[in-house]
Protein chains: 2
Amino acid sequence: MGTNATANGSASSAPSHELDAPPWLRVESTLMATAQAIREAYDVRLAPIGLTLSLASLLSYIAEFGPVNQTRAAEHLGQGRAATGAQVDRLQQLGLIERRPDPDDRRVWMVAITPAGVAKAAAVGEIDTVLRSELRSGITREERQRLAAVLVRLQSNVAVAVHGVQPTASPLPPNTTIEERP
Amino acid sequence: MGTNATANGSASSAPSHELDAPPWLRVESTLMATAQAIREAYDVRLAPIGLTLSLASLLSYIAEFGPVNQTRAAEHLGQGRAATGAQVDRLQQLGLIERRPDPDDRRVWMVAITPAGVAKAAAVGEIDTVLRSELRSGITREERQRLAAVLVRLQSNVAVAVHGVQPTASPLPPNTTIEERP
DNA sequence: GACAGACTGTATGCTCCCATACAATCATGG
DNA sequence: CCATGATTGTATGGGAGCATACAGTCTGTC
């Protein structure tokens with residue numbers, strides 16, 4: 001889980017309990033806990049309309065960028081094709097998207113949004129706007145920008161640490177958007 | 001996945017492709033992607049010694065804070081008891097920890113570290129130190145502190161958004177440690 | 001034109017976690 | 001004492017994702 005408190009102040013038991021935590025992972029730990037908490041918050045807010053964060057993300061993508069094939073969508077979402085295929089199945093069962101054959105390529109399914117999907121996507125957009133504004137309360141825009149910059153730097157360092165060099169034009173660089181609009 | 005590039009510069013296809021991304025989720029998206037990348041980096045680095053991030057985290061906790069029961073460990077790691085139990089099983093199979101009956105309470109298993117576990121925990125510590133220093137390259141300490149502060153604020157906002165009020169002394173506030181040592 | 005290679009979507013097995021339900025055990029009020 | 005409630009650890013079913021393997025299809029080269 002991730003809904004940890006912010007600073008549990010005065011625990012009742014040990015006094016020097018504040019800074020024990022895992023002996024390693026400090027900022028990194030906070031970062032990962034925060035990410036999970038955000039994911040959870042989105043899931044909670046999206047549950048009333050019957051979606052999860054990943055499904056809503058896929059739906060929004062299809063709603064905005066016309067019919068696409070699944071590989072494109074998977075790359076954009078930074079997932080594998082298998083996972084995306086399963087998500088497409090579910091969205092299709094919900095009647096929010098539909099698969100159309102590509103006349104030019106009999107292998108691919110073009111995934112397109114339905115009218116019901118358009119409505120759902122609008123609802124997702126509203127929920128996102130509201131939640132995001134709540135999450136950003138008390139955080140200035142400059143802070144967000146600095147945060148994003150450090151995060152990007154961190155991602156770059158991760159890429160170097162894992163793959164040796166940062167992937168220049170790799171097939172999966174979608175989520176790297178940085179804040180630039182209010 | 002999370003090993004996204006930092007800024008994919010000039011894609012070959014569309015020119016205005018840089019800032020499209022998911023129409024919602026901006027800083028939040030970057031945050032979550034970064035967290036996943038970090039988790040992956042730890043998993044990659046820990047794989048040679050046969051551990052995963054969650055297992056290593058549990059092992060380190062047991063190594064540092066003597067024998068504990070599983071519920072305590074689960075709370076500290078911010079997980080459920082079931083997941084922790086499974087992890088304890090695996091660490092026990094690896095001979096890194098052992099379960100001892102609690103003489104005062106026949107329900108509980110006190111989880112204690114073994115000599116092999118001590119050695120493994122030391123290896124984990126080394127890996128963590130090295131990787132963390134790599135991840136922090138090019139990021140000043142002040143930036144990290146600001147980052148942590150914003151993250152804590154974000155977590156607080158999430159708690160408010162999800163639970164209405166931030167959990168004051170909830171039973172799971174462990175990961176919230178903030179950077180304070182080099 | 002035919003064939004080796006690349007690509008799309010899917011199926012399978014694996015990992016990791018949660019949420020619920022459950023048996024065993026403690027703790028407390030009568 | 002003993003019945004009721006709480007707590008510990010576990011079993012089970014589910015969700016979500018990955019990596020691999022696979023069949024069907026396109027594409028480039030000879």
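So that the names make sense, note that chain A is the first sequence line, chain B the second, and so on, each numbered from 1. All values reported here derive from a predicted model rather than from experimental measurement.
Note on B/Thr71: a side-chain N or O is less than 4.0 Å away from OP1 or OP2 of D/dG9. The shortest distance between the side-chain N/O atoms of B/Arg106 and the OP1/OP2 oxygens of C/dC26 is below 4.0 Å. Proximity of B/Gln70 to the phosphate of D/dT8: no side-chain N or O atom is located under 4.0 Å from OP1 or OP2. Residue B/Arg99 has a polar side-chain atom (N or O) positioned under 4.0 Å from OP1 or OP2 of D/dT10. Of the side-chain N and O atoms in A/Gln87, one or more sit less than 4.0 angstrom from OP1 or OP2 of D/dG17. Close to C/dC16, at under 4.0 Å from its OP1 or OP2, lies a side-chain N or O of B/Thr52. For the OP1/OP2 pair of C/dC16 and a distance below 4.0 Å, the side-chain nitrogens and oxygens of B/Arg90 include at least one atom meeting the criterion.
B/Arg81 places its CZ atom 10 Å from the P atom of D/dT7, with the value rounded to the nearest Å. In this structure, B/Asp43 atom CG and D/dG17 atom P are separated by 17 Å, rounded to whole Å. B/Gln79 has its CD atom 17 Å from the P atom of C/dT15, to the nearest Å. Between the P atom of C/dC17 and the CG atom of B/Leu58 lies a distance of 10 Å, rounded to the nearest Å. Rounding to whole angstrom units, CG of residue A/Asp102 and C1' of C/dG9 are separated by 13 Å. The distance between atom CG of B/Leu51 and atom C1' of C/dT15, rounded to the nearest whole Å, is 15 Å. Summarising the geometry, the separation between CD on B/Gln36 and P on D/dC18 is reported as 7 Å, rounded to the nearest angstrom. Rounded to whole angstrom, the span from the CD atom of B/Gln92 across to the C1' atom of D/dG9 amounts to 13 Å.
For the residue pair A/Gln70/A/Thr84, the side-chain donor-acceptor check at 3.5 Å is not satisfied.
Side-chain atoms of A/Ser57 do not come within 3.5 Å of backbone N or O of A/Leu53 as any donor-acceptor pair. The main-chain N or O of B/Ala161 is found under 3.5 Å from a side-chain atom of A/Arg45 such that the two form a donor-acceptor pair. Looking only at distances, no side-chain donor or acceptor of A/Lys120 sits under 3.5 Å from a matching main-chain atom of A/Gly50. Remark: the backbone N or O of A/Leu55 is not paired with any side-chain donor or acceptor of A/Thr52 at under 3.5 angstrom. With hydrogens and angles ignored, the 3.5 Å screen pairs no side-chain donor or acceptor of B/Ser156 with any backbone N or O of B/Val152.
Each of B/Arg144, B/Arg136, B/Arg39 was evaluated against A/Glu28; a single residue qualifies, B/Arg136, per the side-chain hydrogen bond (donor to acceptor under 3.5 Å, both in side chains) test.
B/Thr84 comes within 4.0 angstrom of no nucleic acid atom, judged by non-hydrogen atoms across all strands. Here A/Ala82 lies in heavy-atom contact (under 4.0 Å) with a base.
No hydrogens or angles were tested; on distance alone, nothing pairs the side chain of A/Arg107 with the base of C/dG9 as donor and acceptor under 3.5 Å.
Computed from C1' positions of five pairs at each end, the angle between the two local axes of the helix from C/dG1-D/dC30 to C/dG30-D/dC1 equals 0°, rounded to 10 degrees.
The CZ atom of A/Arg153 sits 9.0 Å away from the CD atom of B/Glu143 when rounded to the nearest 0.5 Å.
Distances from the side chain of B/Val108 to the nucleotides D/dA16, C/dG9, D/dG9 place D/dG9 closest. Side-chain proximity of B/Asp105 to C/dT25, C/dG9, C/dC17: nearest is C/dT25.
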